[in-house]
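Read through the structure below, which is laid out as structure tokens, and then see the notes.
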Amino acid sequence: MPLKRNVSFWEGLKYKGGGPMWAWILHRLSGLGILLFVGLHVLAAFLTAQFGSDAGIAINVVYESWAFQIIVYFSILFHAINGLRVIVLDFWPALLEYEREAIWAEWSVIVPIFGLATYIIITKALGG
Amino acid sequence: MSNQHQYEVLVVGAGGAGLMAALYASRSANTAVISKLYPTRSHTGTAQGGISAAIGNYEEDRPEWHTYDTVKGSDYLADQDTVEFMCNESPEAVYELEHMGLPFSRTPEGKIAQRPFGGHTNNETGKPVRRACYAADRTGHMILQTLYQQCIKNKVTFYDEFQVVDLLVVNGKAAGVVAIELATSEIHVFQAKAVIFATGGHGRIWEITSNAYANTGDGIAIALRRGIPAEDMEFFQFHPTGIYRLGILITEGVRGEGGVLINDKGERFMDRYAPHVKDLASRDVVSRAEYIEMRDGRGIGGKRYLYLDARPETINKYAAIDGRTNPDGTPYTITGEELLKKLPDIIDFCRTYLGVDPVTQPMPVQPTAHYAMGGIPTNIRTEVVIDENNTVMPGLYAAGECACVSVHGGNRLGTNSLVDLVVFGKHAGINAAEYARGADFEPLPADAADFARQQLDAIRHSKGDEKVYQIGIEMKQVMFDHVGVFRTEEGMAQALAKIRELKERFKHIQLDDSGTIFNTELLSAWELSNLLDLAEITAASALARKESRGAHANEDYPKRDDVNWLKHTLAWLRGKDNVELRYKPVVITKYQPKERVY
Amino acid sequence: MRARSIPKIFSFEYIMWLFMRISGLAMYVFALTGLTIALIMGARTQMDMGTLLRWTFFPIGTHVTSSDILVLEQWINPFWSIMQYLTIIFATMHGTNGLRMVIEDYMDAGWGVHVLRGLLLIAWLFMLLVAFNLIQTTGAV
Amino acid sequence: MQVTLKVYRYNPEKDKKPHYDTFTLEADPTERVLDLMERIKGLQDGTLTFRRSCAHGICGSDAMRINGMNRLACKTLVQDVGKKITVEPILGLPVIKDMIVDMEPFFESYRSVMPYFINNDPPPNGERLQSPEERERFDDTTKCILCAACTTSCPSFWANGKYVGPSAIVNAHRFIFDSRDQAAKERLEILAGQFGVYRCRTIFNCTLACPRDIQITKAIGEVKEAIATGKLD
């Protein structure tokens with residue numbers, strides 16, 4: 001009997017696909033993360049506003065924490081910049097030959113912006 | 001039983017010839033293709049330079065010139081009626097391929113592009129002519145893919161990864177084949193009205209070879225075991241430009257584009273051996289020249305290789321010396337970029353395997369075993385003939401490298417292998433289907449699969465301390481050393497004795513794998529038994545031929561001898577250590593043998 | 001060279017693919033507009049990242065008030081109202097469709113896909129209702 | 001130099017689960033990984049099973065994962081991958097034995113995109129004309145050898161075997177952009193469907209894996225562009 005064709009999550013992760021593959025994984029994770037974050041947030045706010053539930057307040061405590069802000073901020077920033085790369089390459093397929101360069105360009109935009117933001121968030125958290 | 005199949009026409013082998021045959025046969029007969037590889041893995045795919053057709057897209061060219069060049073290239077051993085047929089058919093065949101979608105490279109006018117190749121000349125001026133229709137340097141790849149695509153389009157039935165191990169002959173007619181399914185080791189019996197063998201070559205007999213692992217001459221060996229002779233097996237082409245040590249082919253197209261062979265002294269030595277066409281002489285001539293250079297100590301650094309120099313500056317320098325011109329009369333020049341476009345795969349091979357960039361560095365090359373001129377004897381209708389009187393075995397056809405319709409004689413001209421497989425593959429398909437229309441199935445005996453099963457069981461149950469791999473290596477070495485580019489009586493006798501010793505040792509092999517699922521070790525062993533049989537036939541046929549002709553360069557008889565040896569060898573395998581040799585005349589129509597000068 | 005062309009093909013997959021890209025670009029427009037105006041309106045002196053994000057992406061009343069600046073009247077106009085509705089529509093569609101793509105990657109054709117799409121449609125509509133309700137009740141529009 | 005080769009092993013007649021065997025052998029840095037495997041099969045363990053034929057990257061038999069990445073064993077030199085080499089079968093196709101996977105699903109996808117020339121006009125006496133530029137348009141995708149290295153490197157294909165995969169798209173591209181072909185519309189309609197090009201997330205693994213250096217992601221992008229614009233040039 002041949003083995004089943006299934007590729008496990010870990011086996012897939014171990015594949016050496018390089019930068020673009022990791023960008024895709026991060027894009028999915030950040031996208032799903034944002035969806036979850038926004039979904040819960042809206043739901044909690046709704047419950048608070050309509051029924052005076054405590055859920056909204058409880059969730060807001062987590063959301064206000066500086067560590068969580070860093071994660072959310074990274075997710076949004078990465079998803080946005082990586083999404084822009086995908087859009088540009090999809091609309092101009094001729095540029096796909098420079099996929100590897102595009103990944104480098106992407107990170108060179110993300111790193112300084114995210115670095116600055118993290119610096120601000122952390123100094124603010126420590127100072128305030 | 002599910003392991004019994006019936007088709008009107010069976011094609012064994014799915015390379016160029018097999019797929020071409022299948023395409024044509026399936027138009028009017030119930031046809032199946034049996035192949036030990038997925039069709040697109042076939043060795044046709046590695047052909048590089050081009051397929052010749054005198055369509056003259058750049059300059060005047062005629063099928064008669066192609067015919068004469070082929071006959072001359074064959075050292076007058078080719079049957080001239082078949083050569084003429086092939087060369088006349090080739091333009092139509094090439095157009096047909098184009099109509100099937102084959103993506104040929106193009107001339108500025110949008111026609112099929114052509115390039116010069118070894119031995120292709122304008123018969124009036126003696127100058128090289130552009131006759132090889134090409135698709136960059138992957139013409140064979142395109143042919144194989146195109147034919148496979150068309151087979152899919154026409155819903156041809158395929159049995160992929162089925163190894164045919166026996167031919168069934170009933171009442172003197174071909175009645176089917178026996179095959180083993182690689183995935184399960186089950187034996188399948190295929191009944192058929194007509195069988196077409198298109199099983200390819202057997203270059204794996206030699207150590208340095210351009211041939212695939214799969215090229216083990218299965219079809220010829222199967223036929224031999226069923227009492228069918230093999231024709232002209234002593235003629236095996238050594239291609240002058242194989243990558244040093246690996247044997248991977250560097251197309252003659254490189255020299256067609258202007259590349260030259262250089263020895264240790266930096267000389268272009270081919271002008272001493274072939275003053276007119278120089279590096280574009282036919283392959284046997286160039287391979288021998290290389291051997292002489294290396295023997296006389298002019299190999300690079302004294303080693304057994306030479307340089308193939310295709311740097312633009314070298315090409316342009318020698319093109320100027322030769323006075324080579326473009327079709328419009330301007331001097332011929334080439335840039336690195338153009339080279340990259342015309343020979344992308346070659347450049348990739350050199351970068352991958354040698355770390356050499358052909359645009360800036362010369363490529364180390366040596367002769368490499370390349371193509372079997374000999375094979376299963378057939379007539380012009382591709383029907384297999386079984387004796388020197390050309391008696392046909394009804395229902396059995398052969399085409400492509402495994403067949404010897406003898407269009408290549410003593411030495412094949414570059415690009416003619418593709419012409420051969422397209423033209424004769426097509427006609428094998430047409431003729432077999434036509435035969436099947438008027439024929440009945442021969443009843444198969446109950447024990448049809450027994451002979452095949454015996455052969456495999458003998459290998460499976462063999463006990464001893466011999467390794468298949470080791471026997472293979474020893475065979476390849478002795479054949480390369482003694483039945484190679486240059487041969488001596490003593491060496492050939494030695495090789496023959498060694499092969500017989502190896503055949504004896506083969507009876508004591510021991511396999512590790514006793515399984516049934518993809519037992520590739522079992523099949524490799526069976527393939528080696530084929531190679532050993534063919535090596536024996538080759539060495540025996542060569543030892544008997546007391547002359548030098550085409551690819552058979554016998555140092556003890558360095559001259560061609562048309563009085564005694566202008567004839568085809570037929571070799572039968574009769575029991576142990578017994579090769580029976582008989583001869584049949586060469587068909588000569590228009591061109592009387594004369595001295596061959598390039 | 002003679003130009004070859006065929007009629008355009010509008011398959012569900014193509015439309016969703018195009019939508020993901022267009023909505024992605026739309027989010028850039030909304031976010032950058034929101035961010036710019038938020039900075040003009042005082043965020044530059046109130047550089048709290050969380051606040052900035054809230055302002056950028058969804059400038060509704062509660063978000064604005066939680067930033068300690070009482071500039072509520074500036075936000076009460078139809079422009080912000082339209083921004084809010086468009087943002088919520090694009091964002092939830094982009095997100096829901098993203099989720100659909102991720103799940104469908106692992107699904108075959110058949111009724112399962114339709115059930116999933118139905119469920120996601122319901123979830124999306126629910127999210128829209130909730131968000132609209134929030135805008136209505138807390139948006140101070 | 002001495003090389004260790006860690007090999008994925010699975011023999012359905014003996015093993016319940018796959019495992020790894022390690023072989024040690026002397027090798028030259030310029031040898032192919034395939035040469036090493038041949039030598040192991042010939043001298044150390046005859047049960048080691050893999051496909052191979054031409055041994056120089058044209059036939060496409062020996063695609064496998066070498067050190068975690070799809071490559072052809074015959075186009076990977078020891079010096080490219082170092083002294084410790086791991087070979088495993090390609091992902092996403094059922095493993096039959098050792099390196100041998102069931103290729104049928106792969107060829108089924110290939111066949112599903114009409115990978116053959118279609119032109120119903122009666123052909124001229126000679127060739128159909130095509131300018132060098134028109135020929136160049138689809139040159140890249142004519143190089144495909146159907147080795148499956150691209151398709152089996154694609155996470156979308158791992159997730160769902162019904163996705164036609166990069167290789168099938170490449171082979172459709174070869175005809176869609178052939179100026180002589182007439183069935184671009186039919187092919188594009190197939191590729192615009194649920195298991196067509198929109199499963200491509202431009203992950204780029206295919207392009208990195210292609211032993212023929214085909215710009216696969218670009219080819220897929222061009223197919224998407226053709227669907228969107230209807231232009232085939």
Side-chain angles (χ1 to χ4, degrees), chain A residues 6-7 9 24-25 27-50 56 60 62-66 68-70 72-77 79-91 114 116-125 128, chain C residues 14 17-32 35 46-54 56-58 60-63 66-67 87-88 91-103 105-106 120 123-124 126-139:
Chain A
N6 299 8
V7 181
F9 180 72
W24 165 74
I25 292 171
H27 195 77
R28 291 216 142 170
L29 291 177
S30 58
L32 291 174
I34 294 165
L35 191 68
L36 190 72
F37 157 74
V38 173
L40 285 177
H41 180 60
V42 171
L43 197 66
F46 174 70
L47 293 177
T48 310
Q50 291 296 313
N60 272 342
V62 179
Y63 286 0
E64 307 265 310
S65 76
W66 62 271
F68 191 81
Q69 282 187 14
I70 290 179
V72 171
Y73 191 65
F74 178 79
S75 297
I76 292 173
L77 183 67
H79 200 84
I81 305 285
N82 189 58
L84 193 63
R85 173 186 66 94
V86 171
I87 291 169
V88 168
L89 294 179
D90 271 350
F91 284 178
F114 181 64
L116 182 69
T118 311
Y119 173 77
I120 294 170
I121 291 172
I122 291 178
T123 47
K124 177 117 184 165
Chain C
Y14 164 58
W17 174 84
L18 193 63
F19 170 76
M20 283 307 264
R21 273 132 195 90
I22 289 171
S23 58
L25 288 175
M27 309 277 274
Y28 261 96
V29 174
F30 297 138
L32 291 179
L35 182 66
Q46 277 286 329
M47 280 293 251
D48 173 280
M49 272 297 157
T51 313
L52 201 56
L53 277 180
R54 283 195 289 271
T56 306
F57 286 102
F58 201 52
I60 67 169
T62 48
H63 281 172
S66 68
S67 62
T87 306
I88 200 76
T92 50
M93 271 177 90
H94 188 95
T96 315
N97 191 50
L99 184 63
R100 180 191 69 83
M101 282 164 63
V102 173
I103 298 173
D105 265 4
Y106 296 87
L120 284 174
W124 173 61
F126 175 71
M127 212 141 86
L128 270 191
L129 282 178
V130 169
F132 286 179
N133 174 271
L134 275 176
I135 299 170
Q136 291 295 333
T137 53
T138 68

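Side chains included, hydrogens not; waters and symmetry mates left out as well; all remaining heavy atoms used. In this text the structure is predicted, and so the values were computed from the model without any measurement.
For C:Leu25, the parts lying near chain A are the backbone and the side chain together; criterion is any non-hydrogen pair under 4.5 Å. When heavy atoms are compared at a cutoff of 4.5 Å, A:Leu47 does not approach chain C at all. Only the side chain of A:Phe91 comes within less than 4.5 Å of a heavy atom in chain C; its backbone stays farther off. Neither the backbone nor the side chain of A:Ile34 comes within less than 4.5 Å of any heavy atom in chain C.
For chain C, the option among A:Leu43, A:Ile70, A:Ile76, A:Asp90 with the highest count of heavy-atom pairs below 4.5 Å is A:Asp90.
A side-chain donor-acceptor contact under 3.5 Å links C:Tyr28 to the backbone of A:Ala80.
A heavy-atom distance below 4.5 Å is not found between the side chains of C:Met20 and A:Val86.
Of the inter-residue distances, the one linking A:Leu35 atom CG with C:Thr92 atom OG1 reads 9.5 Å to the nearest 0.5 angstrom.
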side-chain contact (heavy atoms from CB on, under 4.5 Å), that's the test. Do C:Asp105 and A:Arg28 meet it? Break it down for me. CA-CA 12 Å; C:Asp105 265 4; A:Arg28 291 216 142 170; 2.8 Å; yes
